[in-house]
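Keep in mind it's a predicted model, so treat the numbers as computed, not measured. Side chains are part of it too, since the values below use all heavy atoms of this structure and drop only hydrogens, waters and symmetry mates. Letters go in sequence order (proteins before strands), and every chain restarts at 1.
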Number of protein chains: 2
Amino acid sequence: MGIAERKEREKQEKRDLIVDAAARIFAEEGYERTSMRGIAERIEYSPATIYLYFKDKDELLHAVHELGFGLLMKEMSKVAAVADPLERLRLISLEYVRFCFEHPQYYNLMFNSLEPLNYYEDHCNWDTGRKAFDFLQYAIEDCMQKGLIVEQEPKALTFFCWSFVHGMVSLYTRNRLRALDLSDEESRALIFTGVNTWLDLMKK
Amino acid sequence: MGIAERKEREKQEKRDLIVDAAARIFAEEGYERTSMRGIAERIEYSPATIYLYFKDKDELLHAVHELGFGLLMKEMSKVAAVADPLERLRLISLEYVRFCFEHPQYYNLMFNSLEPLNYYEDHCNWDTGRKAFDFLQYAIEDCMQKGLIVEQEPKALTFFCWSFVHGMVSLYTRNRLRALDLSDEESRALIFTGVNTWLDLMKK
DNA sequence: GCAATTTACTGAACATTGTTTAGTAAGTAA
DNA sequence: TTACTTACTAAACAATGTTCAGTAAATTGC
């Protein structure tokens with residue numbers, strides 16, 4: 001059945017085409033200002049066509065969401081091989097920060113947006129997020145077993161680490177560092193400093 | 001000039017009426033789902049009337065925003081008299097967390113939303129946010145002067161404290177704690193624990 | 001007290017959004 | 001060749017933020 005397979009392949013290709021265009025526009029314009037019509041125009045199809053591949057805007061942006069997580073995991077995995085767990089933890093954090101700096105729209109969609117989560121209310125689990133969390137937790141457990149950092153319930157401590165870095169970059173991307181009277185470079189530098197400060201505090 | 005004054009007063013009252021209605025609907029429905037028409041209907045005026053008092057939705061939601069900051073500052077000020085600066089710092093953080101739990105829509109508007117910030121691009125400064133930041137910084141400087149916590153550039157350390165708590169509550173309100181498989185109560189408890197853990201780490 | 005003007009407000013419209021539906025034209029199968 | 005399926009679109013719908021011309025009442029000047 002070569003025809004059916006080709007059709008299946010073509011369907012997948014078109015799906016990818018849509019997600020790719022959506023991701024692009026989204027990255028340029030931000031979530032709010034990305035319209036279904038805009039995406040349709042970019043791929044030179046009618047808006048209705050998108051609805052043949054995605055239930056609604058939510059589902060489409062969920063696909064972009066997944067794409068973003070793929071990207072983040074790729075970046076973070078680069079340092080998976082570093083032997084020293086404390087140094088690995090440091091590098092993971094820095095990669096995380098860098099990801100937010102380079103792809104703020106992805107970051108906000110993945111961690112700050114409320115919208116594409118209607119999707120999860122149906123599909124419930126948040127596997128992609130979970131995977132990234134586990135990756136971090138593993139590094140922290142490693143540190144703890146080797147007695148490099150304070151002892152704490154691993155999941156809780158992982159959450160605290162994540163929260164700290166997430167807090168910094170979120171305030172940054174959401175423009176709330178205005179309160180600090182810093183230039184953009186100074187803000188970024190401060191965040192990198194923050195990562196090191198945090199790790200120092202956690203060290204035993 | 002009694003008439004002019006009465007008119008001025010009436011104008012202010014109507015403005016407040018609009019902001020109040022907007023805040024209410026916003027708190028019920030969330031930012032996205034709050035429409036100008038909905039607000040107009042609630043106060044029994046035409047949508048166009050709102051535009052006589054506010055330039056656009058942005059400016060109206062900025063007013064709600066200010067209202068939220070007033071509320072937060074009121075909560076936080078309750079502990080301003082506590083003498084022990086470390087305990088004061090702890091209580092400020094807990095009030096902050098509690099505020100987020102009780103008024104998540106306000107919180108997200110104040111610290112997570114991107115939308116009503118067009119306003120600030122024109123009016124530039126973020127005085128209300130600055131005030132809350134200074135309040136926190138003062139407590140931290142107090143701790144530092146009395147040698148209770150690690151020594152650090154005060155503004156930076158204040159930012160780190162803020163980021164940590166903000167990170168936790170943001171992940172919570174944005175439903176990203178899904179990754180942790182916790183009940184709502186457990187999540188909230190974990191955040192309160194986080195505040196204490198953080199303070200312990202900062203202690204000398 | 002009457003006329004002119006200002007004020008406060010609205011109805012109706014505009015452009016833009018996400019989404020649905022009825023219909024079409026091409027590709028596939030019998 | 002005929003029937004059916006697939007892939008797609010034009011057009012419409014309802015809801016959004018926003019604007020504008022017009023109106024009726026309140027205020028002012030004479």
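Applying the salt bridge (Lys or Arg N to Asp or Glu O under 4.0 Å) criterion to A/E87, with sequence neighbours excluded, gives A/R90. Looking at residues two or more places apart in sequence or on another chain, you find a side chain to side chain donor-acceptor pair (under 3.5 Å) between A/E28 and A/R42. Contacts of A/D200 classified as side chain to side chain contact (heavy atoms under 4.5 Å, CB included), with partners at least two apart in sequence or in another chain: A/K203. Taking A/Q12 as the reference, A/D16 meet the side chain to side chain donor-acceptor pair (under 3.5 Å) condition, with sequence neighbours excluded. Remark: A/R15 engages no residue in a salt bridge (Lys or Arg N to Asp or Glu O under 4.0 Å) (not counting sequence neighbours).
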Protein N or O to nucleotides 10-13 of chain C N or O, pairs below 3.5 Å:
| residue | atom | partner | partner atom | Å |
| --- | --- | --- | --- | --- |
| C/dT10 | OP2 | B/S46 | N | 2.9 |
| C/dT10 | OP2 | B/T49 | OG1 | 2.3 |
| C/dA13 | N6 | B/R37 | NH2 | 3.4 |

Pairs under 3.5 angstrom, nitrogen or oxygen only, protein versus nucleotides 21-24 of chain D, please.
none

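The distance from atom CD of A/E29 to atom C1' of C/dT17 is 15 Å, rounded to the nearest whole Å. Note: CZ (B/F54) to P (D/dT19) measures 15 Å, nearest angstrom. Spacing between atom CD of A/E59 and atom C1' of C/dG18 amounts to 15 Å, rounded to whole angstrom units. Separating the CG atom of A/D58 from the C1' atom of C/dT17 is a distance of 15 Å, rounded to the nearest angstrom. One interatomic measurement links the two molecules: NZ of A/K55 to C1' of C/dT19, which rounds to 11 Å at whole-angstrom precision. Separating the CD1 atom of A/I50 from the P atom of D/dA10 is a distance of 14 Å, rounded to the nearest angstrom. Separating the CE atom of A/M36 from the C1' atom of D/dA14 is a distance of 16 Å, rounded to the nearest angstrom. Regarding A/I43, its CD1 atom lies at a distance of 11 Å from the C1' atom of D/dC8, rounded to whole Å.
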Quiz: residues 134-143 of chain B side-chain donor-acceptor pairs under 3.5 angstrom, not counting sequence neighbours:
| residue | atom | partner | partner atom | Å |
| --- | --- | --- | --- | --- |
| B/D134 | OD1 | B/R130 | NE | 3.4 |
| B/Q137 | NE2 | B/E141 | OE2 | 3.2 |
| B/D142 | OD1 | B/K146 | NZ | 3.4 |
| B/D142 | OD2 | B/R88 | NH2 | 3.0 |

Got a list of side-chain donor-acceptor pairs under 3.5 Å for residues 71-79 of chain B, not counting sequence neighbours?
| residue | atom | partner | partner atom | Å |
| --- | --- | --- | --- | --- |
| B/E75 | OE1 | B/K78 | NZ | 3.4 |
| B/S77 | OG | B/M73 | O | 2.5 |

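Looking at heavy-atom distances under 4.0 Å, B/Y53 makes contact with sugar-phosphate atoms alone, never a base.
Distances shown here put every side-chain N or O of A/Y51 at or beyond 4.0 Å from the OP1 or OP2 atom of D/dT9.
Among pairs with a residue in residues 174-197 of chain B, those fulfilling ring-ring contact (aromatic ring centres under 6.0 Å, His included) read B/F101-B/F192, at least two apart in sequence or across chains. Within the structure, salt bridge (Lys or Arg N to Asp or Glu O under 4.0 Å) pairs that include any residue of residues 97-110 of chain B comprise B/E95-B/R98 (at least two apart or interchain).
Residues from residues 10-21 of chain B lying near DNA chain C, meaning a heavy-atom separation below 4.0 Å, are B/K11, B/K14 in numerical order.
Both the sub-6.0 Å distance and the 45° axial angle are satisfied by B/K11 relative to the ring of B/Y53. With A/F133 as the aromatic partner, A/K155 does not meet the cation-pi criteria of under 6.0 angstrom to the ring centre and within 45 degrees of the ring axis.
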